Amino acid sequence: MNYWLFKSEPDVFSIEHLSKMKKQTSMWDGVRNYQARNYMRDGTKPGDLLFFYHSSCPQPGIAGIAEIASTPYPDPTQFNPESEYYDPKATADVPRWVTVDVKLKEIFNEIVSLPELRANPKLEELALLQRGTRLSIIPVSAAHWKAIMAMR
DNA sequence: GCCAACGTTGGC
DNA sequence: GCCAACGTTGGC
């Protein structure tokens with residue numbers, strides 16, 4: 001069982017959006033970075049847990065928890081010319097991007113904010129907090145997961 | 001394969 | 001809106 005952190009801009013898709021979806025489950029589409037895709041394609045398994053992180057917003061931080069609810073499959077938006085995630089170089093035979101379904105597990109009463117995360121000495125090596133990390137899919141160790149769960 | 005120019009991310 | 005730090009693109 002692995003732990004992850006998935007980033008999303010709440011203006012586009014927030015944990016509140018996820019809570020209103022049918023079965024509180026949604027496809028996590030639009031990942032268009034190779035390293036993030038590789039984590040998603042090669043790393044995520046049904047039952048894995050993820051922190052739902054809100055970025056590029058007034059209060060950046062971890063808003064709650066979701067569960068990986070499918071195996072990875074081709075992201076349909078890459079084939080849709082109407083989508084902002086359309087990739088003309090992707091074909092049905094050779095898809096380039098993948099997605100997984102995620103299911104809501106818990107919304108934190110209060111966001112565990114980025115400054116709080118930075119202030120926790122146990123999280124010094126958390127990949128999210130390293131200089132230059134911009135990945136939207138980031139692995140989280142069991143120890144880091146536990147430390148963050150204690151902060152909510 | 002190199003690298004300059006450009007685009008994106010994301011905190012502030 | 002600014003800017004640092006990446007990633008991508010494309011000419012050569």
Side-chain angles (χ1 to χ4, degrees), chain A residues 2-21 26-44 48-68 72-141 143-152:
Chain A
N2 292 311
Y3 299 103
W4 306 94
L5 182 144
F6 282 21
K7 275 187 205 172
S8 180
E9 299 184 21
D11 288 350
V12 179
F13 188 74
S14 70
I15 201 163
E16 286 75 24
H17 289 124
L18 180 59
S19 75
K20 289 169 187 156
M21 306 290 287
S26 173
M27 181 170 69
W28 196 279
D29 60 12
V31 172
R32 291 295 180 272
N33 168 283
Y34 287 104
Q35 201 178 341
R37 179 207 64 182
N38 292 347
Y39 280 133
M40 187 179 255
R41 186 188 61 189
D42 307 331
T44 64
D48 285 358
L49 296 176
L50 61 97
F51 286 128
F52 195 128
Y53 182 90
H54 286 173
S55 67
S56 293
C57 60
Q59 198 187 14
I62 297 171
I65 302 169
E67 176 180 353
I68 304 289
Y73 57 97
D75 179 346
T77 63
Q78 70 193 307
F79 308 125
N80 177 7
E82 305 297 310
S83 169
E84 63 176 310
Y85 301 124
Y86 178 59
D87 183 346
K89 291 179 182 167
T91 64
D93 284 346
V94 190
R96 181 174 291 200
W97 308 109
V98 299
T99 184
V100 291
D101 293 342
V102 303
K103 180 177 170 58
L104 182 66
K105 292 281 283 185
E106 179 180 337
I107 296 181
F108 294 164
N109 290 328
E110 288 182 45
I111 282 193
V112 176
S113 72
L114 183 58
E116 288 177 86
L117 294 170
R118 286 200 188 283
N120 186 338
K122 289 181 179 170
L123 302 178
E124 259 175 40
E125 293 180 26
L126 184 68
L128 171 76
L129 304 179
Q130 302 314 305
R131 194 163 173 251
T133 297
R134 293 179 316 176
L135 282 178
S136 59
I137 308 286
I138 300 175
V140 174
S141 71
H144 287 154
W145 181 272
K146 195 176 168 188
I148 293 168
M149 289 297 276
M151 297 171 71
R152 86 205 132 122

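Here the structure is a predicted model, which means the values were calculated and not measured.
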Given atom [atom1] of [X] and atom [atom2] of [N], what is their separation to the nearest angstrom?
| X | N | atom1 | atom2 | value |
| --- | --- | --- | --- | --- |
| A/N38 | C/dG7 | CG | C1' | 14 Å |
| A/I137 | C/dC6 | CD1 | P | 19 Å |
| A/E9 | B/dT9 | CD | P | 7 Å |
| A/R96 | C/dT8 | CZ | C1' | 11 Å |
| A/R32 | C/dT8 | CZ | P | 13 Å |
| A/Q130 | B/dG11 | CD | P | 15 Å |
| A/Q59 | B/dG10 | CD | P | 17 Å |
| A/L135 | B/dG10 | CG | P | 9 Å |

**Report entry** Side chain proximity check, A/V140 to A/W4, heavy atoms < 4.5 angstrom
**Finding:**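 Counting from C-beta outward, A/V140 and A/W4 never come under 4.5 Å.
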Report task. Quick one: label A/S56 by what it contacts on the DNA or RNA (base, sugar-phosphate, nothing), any heavy atom closer than 4.0 Å. Result ->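 Base: the residue A/S56, judged by heavy atoms under 4.0 Å, touches a nucleobase.
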Query - Any donor-acceptor N/O pair, A/R37 side chain to A/R96 backbone, under 3.5 Å - result: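 Yes: the side chain of A/R37 pairs with the backbone of A/R96.
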**Report entry** Flag, side chain of A/T77 to backbone of A/Y85, donor-acceptor distance under 3.5 Å
**Finding:**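 The answer is no, because no donor-acceptor pair under 3.5 Å joins these two groups.
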Query raised in the report: If you check every side-chain atom of A/R131, which of B/dG11, C/dA5, C/dG7 has the closest atom?
Result: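 The listed nucleotide nearest to A/R131's side chain is C/dA5.
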Query raised in the report: To the side chain of A/R134, which of B/dG10, C/dT8, C/dA5 is closest?
Result: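 Nucleotide nearest to A/R134's side chain: C/dA5.
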Query - Parallel, tilted or perpendicular: rings of A/F52 and A/W28 (30°, 60°) - result: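 Perpendicular.
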Query raised in the report: So does A/Y53 get a side-chain nitrogen or oxygen closer than 4.0 Å to the phosphate oxygens (OP1/OP2) of B/dG11?
Result: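 So the side-chain polar atoms of A/Y53 do come within 4.0 Å of the phosphate oxygens OP1 or OP2 of B/dG11, strictly under.
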Query raised in the report: Is the shortest side-chain N/O distance from A/K7 to OP1 or OP2 of B/dG10 below 4.0 Å?
Result: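 Checking B/dG10 against A/K7, a side-chain N or O does come within under 4.0 Å of OP1 or OP2.
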